[in-house]
There are 4 protein chains.
Amino acid sequence: MLFRIQPNNGIPIYDQVVRQVKYGVAAGAILPGELVPSVREMAKQLAINPNTVSRAYRQLQDDDVLEQVRGTGLQVAADAKKLCRMERSELVRDRFRSVLAEGRRSGLSDDELTKIFNSELKSLKREGGES
Amino acid sequence: MLFRIQPNNGIPIYDQVVRQVKYGVAAGAILPGELVPSVREMAKQLAINPNTVSRAYRQLQDDDVLEQVRGTGLQVAADAKKLCRMERSELVRDRFRSVLAEGRRSGLSDDELTKIFNSELKSLKREGGES
Amino acid sequence: MLFRIQPNNGIPIYDQVVRQVKYGVAAGAILPGELVPSVREMAKQLAINPNTVSRAYRQLQDDDVLEQVRGTGLQVAADAKKLCRMERSELVRDRFRSVLAEGRRSGLSDDELTKIFNSELKSLKREGGES
Amino acid sequence: MLFRIQPNNGIPIYDQVVRQVKYGVAAGAILPGELVPSVREMAKQLAINPNTVSRAYRQLQDDDVLEQVRGTGLQVAADAKKLCRMERSELVRDRFRSVLAEGRRSGLSDDELTKIFNSELKSLKREGGES
DNA sequence: GTGGTCTAGACCACC
DNA sequence: GTGGTCTAGACCACG
């Protein structure tokens, strides 16, 4: 599993870590029972402060995605995959809803919104390869 | 023109003011040459801090949507309408792009994304009436 | 409302802050809608680091006890009182359950446990005044 | 004598071992003069790290429950039974005191505390059989 | 080795 | 003024 951080893009670093772990679990790249990299190692890999990683891991524990094995590290919880998959869809759905609401409030018609959506999806497909 | 503010919904208040002015101009509800309410009056109307209105107006001047008429107030710039209409699309387009990028990064396929988009558009149509 | 911190008594400082706020809300000493002291002021009052207070306040937000009023501070949520009262009972109940389980596992009879409970309750009443 | 370990239940593993030995001695299941299993064997039995057993045994020696017999192993001290019986009560008493203190600090009355205690004792009796 | 806690001090956005 | 984020570095308990 590879993680990447973009500093100063508006999203807090700890939150970027949280999301990437969740996405990794949802996609099956990180399996339940597997140990995540230690706080210090992850910090070194991402070139960020251990405290920041620690905060991300703490949140992941609060969200029942990680669980502590004392003196050993943090492992992905047994039912984390199901949980992350659901959360992932909900999150994207919420963001779509908010964009659409904003778009209509600003006076754009459904046709215009759909047109924009399709053009962006196509452009993304060109850049990013197949999905 | 009527404005509505939702405090603490995540979007900064000054930004809500900026957007609503731009949307109003884009939709033709506020016409070029028209004077916007004074900082104090707008603040009273929206029950927010005058500093916040002031910041919004400053940004609208930076964005060439408003211009100062010495001793009189702020008026909508001559070419503001065209500008706002373009920006409106660009903004929505950017947000679509970011949602889509996030969705694919999280492992969702284009089909799944399109499905979510359509379901949300339909649900919005049900609630909010025609566009 | 008065807060007191005991450093190095095993309970993390941020947790002591969290509990005292919740107890204050549950007991009605802090009312819904009221602003809690600012991070910096609370830190000064308790002679601890602002970051520690910040962490406590963040948790209280996660627990829906506090909510942010942007640029103004943190206020007690509308339904925080009910929430804190319930949590308070549950917490005490859980601790009783664990003490009792431990006591019986260690071979003490119900009579012995009840005797100990009563003697401690009486001694507490002597020291601490009426409840 | 049979030991059971619950990893990650909040109580350190070495402490669980310490307590179970003490409870065993207090209840008469382990007799003074008897040899406890070697560090390695105990570790294998409980499927825990030998270091952890070692730490527990060290603490039991500090508490005068075990004593070293050079070249042979660790045996239960002559007066360990009396000692453990006393400590057992004290430990439970301390925990009652702390729960009660916490409960009253949180604003619960003595009546409420007693009610909670009784209800938990009854529920424990239902589940766990007579004491 | 592991994570958790705390302190200190800096910078930012918002009102 | 407010809280939020991040960094740096120290100390502790646990296995």
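Proteins come first, then strands; the chains are lettered A, B, ... in the order of their sequence lines, and each starts at number 1. Keep in mind that the numbers below use all heavy atoms, side chains included, and drop hydrogens, waters and symmetry copies.
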Rounded to whole Å, please give me the gap between CD in Gln68(C) and P in dG1(F). 17 Å

Of the candidates dC6(F), dC14(E), dG3(E), the side chain of Tyr14(A) sits closest to dC6(F)

Output the single nucleotide from dT2(E), dG15(F), dC6(E) whose closest atom is nearest the side chain of Thr52(D). dG15(F)

Taking for each residue the nucleotide of DNA chain F with the nearest heavy atom, is it Arg70(A) or Val39(C) whose nucleotide lies nearer the 5' end? Val39(C)

Rounding to a whole Å, what distance do you find between Leu35(C):CG and dC15(E):P? 15 Å

For Ile5(C) and dC6(E), what is the distance between atoms CD1 and P respectively, to the nearest whole Å? 9 Å

Once you round it to whole Å, what is the distance between P of dC14(E) and CG of Asn9(B)? 12 Å

Sugar-phosphate only, base, or nothing, as touched by Asn51(A) at under 4.0 Å among non-hydrogen atoms: base

Describe the nucleic acid contact of Arg40(C) in one word from base, sugar-phosphate, nothing, applying a heavy-atom distance below 4.0 Å. base

To the nearest angstrom, the CZ-C1' distance between Arg55(A) and dT5(E) comes to 15 Å

Are the side chain of Asp63(D) and the backbone N or O of Val65(D) linked by a donor-acceptor pair below 3.5 Å? no

For Ile48(B), report the nucleic acid contact type (base, sugar-phosphate, nothing); a contact means any heavy atom under 4.0 Å. nothing

Arg58(D) CZ - dA13(F) C1' separation (whole Å): 13 Å

Scan every strand shown for a Watson-Crick or G-U wobble partner of dA10(F), both distances under 3.5 Å, and answer none if you come up empty. dT5(E)

Which is true for Glu67(C) with a 4.0 Å heavy-atom rule: it touches a base, it touches only sugar-phosphate, or it touches nothing? nothing

With no hydrogens and no angle check, is any side-chain donor or acceptor of Gln75(C) less than 3.5 Å from a backbone partner on Val69(C)? no

Roughly how far, to the nearest 0.5 Å, is the CD atom of Gln20(A) from the CG atom of Asp15(A)? 10.5 Å

Selection from dG15(F), dC15(E), dT5(E) that lies nearest to any side-chain heavy atom of Pro12(D): dG15(F)

Using whole Å, what does the distance between atom P of nucleotide dC6(E) and atom CD of Gln6(C) come to? 13 Å

Quick check: on DNA chain F, is the nucleotide nearest Gly71(A) upstream (toward 5') of the one nearest Ile13(A), or the reverse? Name the residue that is more 5'. Ile13(A)

Starting at CZ of Phe3(A), measure out to CZ of Arg19(A) and round the result to the nearest 0.5 Å. 14.5 Å

To the nearest 0.5 Å, what is the distance between OH on Tyr23(C) and CD on Glu87(C)? 8.5 Å

Report the nucleotide, chosen from dG15(F), dG3(E), dC6(F), that has the shortest atom-to-atom distance to any side-chain atom of Gln61(A). dG3(E)

With heavy atoms under 4.0 Å as the rule, sort Glu41(A) into base, sugar-phosphate or nothing. nothing

